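Notes follow once the structure below has been shown.
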Amino acid sequence: MSWGAGYGKRRITRRMSSGAWVSLLAALCLTTFSTGVPLTLIDPTRELGIALVAGSIFACAAFLGQVWTVQYQRESTLKNQLFGAEQQQQLHDLLKERDRLIGQLNRLTEQDEGLSD
């Protein structure tokens, strides 16, 4: 998929796959975390370091939530592909059996009405 950014006449466009986005996000999280840890040890920049560490932790957690969602969707799709046709065949068989039973019930009802007349 093509992504782009621009300001004024300058425009940057790039094709990025999902793997490239994962790599970019992982690198960003790792960079902010590894930058934040040393900054927490320096007194004037302690708050900035804590913010970078906390932000990277939240970003990684949000990323893992998205990965879990995609994986769950893939598993669900695969399960539907594997078992969906079988379930539809069972449903079709049940509908045929229902129609057969309704027909049999109608015949018995007609016979019963014929005997009571």
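Fair warning: this is a prediction, and the values are worked out from it, not measured in the lab.
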Practice item. Using the side-chain contact (heavy atoms from CB on, under 4.5 Å) rule, take Glu75 and Leu78 through it: C-alpha gap first, then chi angles, then the decisive distance, then the call. Key: CA-CA 5 Å; Glu75 289 174 6; Leu78 181 62; 5.7 Å; no

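Contact between Ser34 and Thr31 at its shortest, heavy atoms only, is OG-O, 3.2 Å. Closest heavy-atom contact between Gly36 and Leu52: CA-CB, 3.8 Å.
Taking CD1 from Ile102 and OG1 from Thr109, the interatomic distance works out to 11.0 Å, rounded to the nearest 0.5 Å. Atom CD of Glu97 and atom CD of Gln104 lie 9.0 Å apart (nearest 0.5 Å). Here the straight-line distance linking atom CG of Leu95 with atom CD of Gln90 works out to 12.0 Å at 0.5 Å rounding. Rounded to the nearest 0.5 angstrom, Arg98 CZ and Leu91 CG are separated by 9.5 Å. Between Leu64 atom CG and Cys29 atom SG the span is 9.0 Å, to the nearest 0.5 Å.
Counted by atom type alone, Asn106 and Glu110 present zero donor-acceptor pairs between their side chains at under 3.5 Å.
Proximity of a side-chain donor or acceptor of Ser56 to a complementary backbone N or O of Val53 within less than 3.5 Å is detected. Side-chain N or O atoms of Ser76 include none that pairs as donor or acceptor with a backbone N or O of Tyr72 at under 3.5 Å. In this structure a side-chain-to-backbone donor-acceptor pair under 3.5 Å is present from Thr45 to Leu39.
One hydrophobic cluster holds both Val22 and Val67 under the rule that ILVMFWY side chains link at heavy-atom gaps under 4.5 Å.
With a 4.5 Å cut-off on side-chain heavy atoms, Thr77 and Arg74 do not count as touching.
Checked for salt-bridge contact, Asp43 and Arg46 meet the test: a charged N lies under 4.0 Å from a carboxylate O.
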